[in-house]
Amino acid sequence: GAVVSQHPSWVICKSGTSVKIECRSLDFQATTMFWYRQFPKQSLMLMATSNEGSKATYEQGVEKDKFLINHASLTLSTLTVTSAHPEDSSFYICSASPRRDTEAFFGQGTRLTVV
Amino acid sequence: DAKTTQPPSMDCAEGRAANLPCNHSTISGNEYVYWYRQIHSQGPQYIIHGLKNNETNEMASLIITEDRKSSTLILPHATLRDTAVYYCIVSWVSGGYNKLIFGAGTRLAVHP
């Protein structure tokens, strides 16, 4: 199947700093990518839809000024957690599809720990 | 909210078939049923999907009832590596791409 890669796999940052997570589609172009967050022992929660060349669409209850999404190219979307706090510690996962109306492939996830 | 209902957990003996049920009684005509699984601390892995016909691939089989209100994922010969959380998802299209909303899933434990 298609490959989606995230970087970094894990990151530890200090409270109040910002952290950027990258999501790349390695062997296909993706005009749309999705970002999820997963807390321990919970399911994935969709945060936002990342659209190449336009603004991201955020799900209800997700602060767009805190979770900045930039989809500057057809193979890269970034999620920046601004002014991170311990409650932002979570597993962040992205997904993308090679074609419309087909299965999505997920990155390996990024574990963020804010201390 | 997720549009599917799955049992929270199931057990299966290694080498036996694992049959994971899913109810999606409010599914509409153009919505697909997708199955993914997530092994601990990894991103979800695609397994299979279908619209109305039964589907089979190298990983699993998907049986969809005629009224499309429920489906069953079948892992024909479960191994210890199949221990994971399995998610049944009814997808709809957002901007042309499938938007996947995850429910709680079924935690499958395969034991020797």
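Just so we're on the same page: letters track the sequence lines, and every chain starts at 1.
- In this structure, the side chains of B:F102 and A:L46 stay at 4.5 Å or more apart for every pair of heavy atoms.
- No side-chain heavy atom of B:I48 sits less than 4.5 Å from a side-chain heavy atom of A:E103.
- Atom CZ of B:R107 is surrounded by 12 or fewer heavy atoms from other residues, nucleotides or ligands within 6.0 Å.
- Connection of A:W35 to B:I101 is not established within any shared hydrophobic cluster, with ILVMFWY side chains joined at heavy-atom distances below 4.5 Å, either directly or through further cluster members.
- Looking at A:E59, only its side chain comes within 4.5 Å of chain B, counting heavy atoms on both sides.
- For chain A, no part of B:Q45 is nearby; none of its heavy atoms comes within less than 4.5 Å.
- No path of Ile, Leu, Val, Met, Phe, Trp and Tyr side chains, each step under 4.5 Å between heavy atoms, connects B:L20 with B:V85, placing them in separate hydrophobic clusters.
- Transitive grouping of hydrophobic side chains (ILVMFWY, heavy atoms separated by less than 4.5 Å) brings A:L112 and A:M47 into a common cluster.
- Among residues 70-97 of chain A, the residues having any heavy atom closer than 4.5 Å to a heavy atom of chain B are, in sequence order, A:F91, A:I93, A:S97.
- Under a hydrophobic-cluster definition in which Ile, Leu, Val, Met, Phe, Trp and Tyr are linked whenever side-chain heavy atoms come within less than 4.5 Å, directly or via other members, B:I39 and A:V4 are assigned to different clusters.
- Here CD of A:Q108 is found 12.0 Å from OG of B:S41. Values are rounded to the nearest 0.5 Å.
- Annotation: B:Y36 is in aromatic contact with A:F106 [ring centroid separation under 6.0 Å].
- Between B:A104 and A:S43, the shortest heavy-atom distance links the atoms CA-CB, 4.3 Å.
- Between B:Y87 and A:L44, the shortest heavy-atom contact is OH-CD1, 4.2 Å.
- Heavy-atom neighbours of chain A within the stretch residues 73-82 of chain B, taken at a separation under 4.5 angstrom, are nonexistent.
- Connection of A:V62 to A:V114 is established within a shared hydrophobic cluster, with ILVMFWY side chains joined at heavy-atom distances below 4.5 Å, either directly or through further cluster members.
- Residue A:K66 places its NZ atom among more than 12 non-hydrogen atoms of other residues, nucleotides or ligands, all under 6.0 Å distant.
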